[in-house]
Engineer: 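Please read through the structure below; I'll follow up with questions.
Values reported hereafter were calculated over all heavy atoms of this structure, with side chains retained and with hydrogens, waters and symmetry mates removed. Chain letters run A, B, ... following the sequence lines, proteins first and then strands; every chain starts at 1.
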Amino acid sequence: MTDLNRRHILGLAATAGLASTFLSTLSAFADEKELVIGGSIPLTGVFAFAGVAIEAGISDFVKIANEAGGVAGRKLRLAYEDTAYKVDQSVAVFNKLTTQNDIHLYYGDSTGFAKTINEELNRRGSILMAGASFGSELNNPEKYPFQFMAGPDYVEMIAILLEYIAKQQKGAKIVFVNSDTEFGRDPIEASVKRAKEMGLDVVGQIVTPPTAVDVSTEILKLRRANPDFTIFHGYVLAPLPEFLSQAKQLGLKSRFMGTFWSMDNSLWANVGAPADGYMGVMPYRYYYDTAPDAPILEKIRKLRPTYQATGYMQGFLTAMLMTEAAKRTLEAGKALDAKNLKASLNTIKDFDTGGIIGVPISIPGNSVPVGRIYSYSAAEKQMKPASDWISLKK
Amino acid sequence: MRIATAKETYVADEGLLTTNTQRAWMIILALVLVLAPFVLNAYWLYLACLVAINVASATGLNILTGYTGLVSLGQAAFMAVGAYAVAFLDGHLGTPFLLNIFAAGLVAAAVGVLVGVPSLRVKGLYLAIATIAASFILHFVFTHWVSVTGGMSGVNVAPARLFGIELASPFALYFVIVPITAVMVLGAANLFRTRIGRAFIAIRDRDISAEVLGIPLLQYKLMSFALSSFYAGVAGGMWAYFFRVVTPESFPFATSIFFLAAVIVGGLGTILGPILGAAFMTLVPELLKYVVEWLGPVFPNAGAALSPVRTIVFGALIVFFLVFEPQGLAEIVRRIRRFFHLWPFKT
């Protein structure tokens, strides 16, 4: 009897799998009047917190754009799947979505995926891609001709921090702390060089394992170096709260700074008091910003009444910029291929993002080198602007 | 009910395929594999290649863990060695594709022998920890030996070329990856018809008795490590040509667990096990995506809302198979075969 049950269950499982495959193949369709944004988005795995927000951001942009009549007469549609933040799965999703849909715009989930799929993008020559990666390597229009990022690359993010520091305190002492990952190491070498050129004093570099929990030895190194500013990169949250609380206990005078992925408001709200004064570079306005020149944030708040993470803004703006490139290409009567899309993207000059970024932006290359310094206020439980918008000049 | 399969010679008894039914099925499988690329779209071809690469590596791990009884969690690191070897040979020396793949296997085998040295003193979980340590050391080497590995940003690999044809798409690569994997699986199946393979099994069953039988443990354990990492190296080499970029994060530690899980879910110590296990572990998450997609019309925002459920279902499926099929997926196939052998009698 047990045998029979087991076989039945196994048989049913196999039938269900096959049936769903068959049915979904039937449901795949392509509409001439559509503009499909494909997406390898990490809805599970270590980067899920960002992926979920990114998906919400792109979906909302698609909704708002369609309500406004679409793009050059075409309706936008987001076709995406979960990648679990694994390169092989991201590539599988790319292959799957591009066979099922006529895709010219694509959102990728990691630097690894962007590098892996680059040759394929060049070979196809029909897709413009952007994504969650701000890897400085991707900010190279010659090597990555059909990709861009909706913000500054990691080197540019730290350059924005350095500009701020140089204005605050001439010759300030700096320590870089990064995780021992591709993400963490990305901007360090270039940033150390840049800091020295700007007359800042780099007094130390600390590398931690990506999953470090105990940071007491690193804190001792930090105490010996006694910097005015400590710049973290390559972390989302842990072990930054541990660093901050231990540094406060030891009475270190250093101010602590980070880059985009460690700047989400809700992450720091849970940390509480030790987070007070944590600063960092943020290319976009926060969800709750009620600046008069940010009408799009008002719309977003109406669509989603609760706080949306920074990934939301990133996804929203990425979709906005790639759609703008498609719009310009279609309006010029050109074919929707990667070359035309990228050329149209590069014509974006002094573009109003509806307030997501506080200044008009231009995309001459692969990045948008603009950002603003925010500082966390534990009392108000919010990231507050600490500087005006800083645009890097090449 | 099958009758008249009595073997008259030892050679016939040792044959890989002993009945005409088996031969017929094998011909059908070969035909399906040959025709598949002309029927499947890019997505399924991509998955087919990925499954083939994973099968090659899982088969290697099965030689070590399933047949020799040495638990290893270093398979991903050995694959990475193979992938870097291919990237280096292709980029610096420009040697031909097949030679690079073979050399990748040899380099990985050499590293595997080094890693395998502690296996004479330690077994079981202790050996597993030793292989984990080795993979961390190798990860450090990949990150810091910048002149060879390109450091954290890794190295790009040019498309494979064979007889002047560029193998850039999954369609083209399918015709090399699948045959290489087929040869490797065939090699593994044959291995256990030789003295070496049987020595591995003897070591697994009781290493002291094996030594008493005259099997030099160190030599055979290292040979098992070498063979296993050769398979991983070749798989890693094919991986490098398939994804065309190798970074230290291409083969995370979780990949080693993936292969161990594939071998266990498929069936330890069987040739069919790692094939089914690797296919299961690679394809089921993808097939579950279809279920999510299928629920799209009835479940608003299915993609975002159901993706976490999908991973839970995948995990639950693994537990389900371990509980109901402790001997792995290969046992299901064996039971089906037995059913037809004995039909119309009950098994």
Engineer: Determine the option with the most heavy-atom pairs under 4.5 angstrom with chain B, choosing from V52(A), V91(A), V87(A).
Structural biologist: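 The candidate making the most pairs under 4.5 Å is V91(A).
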
Engineer: With a 6.0 Å cut-off (strictly less than), is the heavy-atom count around CZ of F140(B), excluding the residue itself, greater than 12?
Structural biologist: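 No.
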
Engineer: Does K96(A) qualify as a cation-pi partner of Y46(B), given the criterion of NZ or CZ under 6.0 Å from the six-membered ring centre and within 45 degrees of its axis?
Structural biologist: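 No, K96(A) does not lie over the aromatic ring of Y46(B).
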
Engineer: Does the side chain to side chain contact (heavy atoms under 4.5 Å, CB included) test come out yes or no for T143(B) and E182(A), once each step is laid out?
Structural biologist: CA-CA 9 Å; T143(B) 317; E182(A) 184 175 3; over 6 Å; no

Engineer: Supply the atom-to-atom distance F242(B) CZ to D88(A) CG, rounded to the nearest 0.5 angstrom.
Structural biologist: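 That separation rounds to 9.5 Å.
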
Engineer: Counting neighbours of CD on E166(B) that are heavy atoms of other residues, nucleotides or ligands and sit closer than 6.0 Å, is the number greater than 12?
Structural biologist: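 More than 12 heavy atoms, drawn from other residues, nucleotides or ligands, come within 6.0 Å of this atom.
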
Engineer: Could you tell me the separation between the CG atom of N95(A) and the CH2 atom of W44(B), rounded to the nearest 0.5 Å?
Structural biologist: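 N95(A) atom CG to W44(B) atom CH2 measures 12.0 Å (nearest 0.5 Å).
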
Engineer: Among I41(A), L97(A), T44(A), which has the most heavy-atom pairs under 4.5 Å with chain B?
Structural biologist: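 Maximum pair count with chain B is reached by T44(A).
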
Engineer: Pick one of side chain, backbone, both or neither for H144(B), based on which atoms fall under 4.5 Å of a heavy atom in chain A.
Structural biologist: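 Just the side chain, heavy atoms under 4.5 Å.
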
Engineer: Among residues at least two apart in sequence or on other chains, which ones pass side-chain contact (heavy atoms from CB on, under 4.5 Å) with V236(A)?
Structural biologist: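 Applying side-chain contact (heavy atoms from CB on, under 4.5 Å) to V236(A) gives F49(A), L267(A).
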
Engineer: Could you tell me which portion of T98(A) (side chain, backbone, both or neither) has an atom closer than 4.5 angstrom to a non-hydrogen atom of chain B?
Structural biologist: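 Neither part; nothing is under 4.5 Å.
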
Engineer: Once salt bridge (Lys or Arg N to Asp or Glu O under 4.0 Å) is applied, do any residues pair with E286(B), and if so which ones, sequence neighbours excluded?
Structural biologist: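 Listed in chain order: K289(B).
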
Engineer: Output the distance between atom NZ (K86(A)) and atom OG (S250(B)), rounded to the nearest 0.5 Å.
Structural biologist: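 The NZ atom of K86(A) sits 14.0 Å away from the OG atom of S250(B).
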
Engineer: Could you tell me which residues in residues 105-121 of chain A have at least one non-hydrogen atom under 4.5 Å from a non-hydrogen atom of chain B, sorted by residue number?
Structural biologist: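 At a heavy-atom separation under 4.5 Å, chain B is reached by K115(A), T116(A), E119(A).
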
Engineer: Mind checking what makes salt bridge (Lys or Arg N to Asp or Glu O under 4.0 Å) contact with E55(A), not counting sequence neighbours?
Structural biologist: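 Salt bridge (Lys or Arg N to Asp or Glu O under 4.0 Å) list for E55(A), sorted by chain: empty.
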
Engineer: Please look at D180(A) and chain B and tell me whether the side chain, the backbone, both or neither of the residue comes under 4.5 angstrom of a heavy atom of that chain.
Structural biologist: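 Contact with chain B is through both the backbone and side chain of D180(A).
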
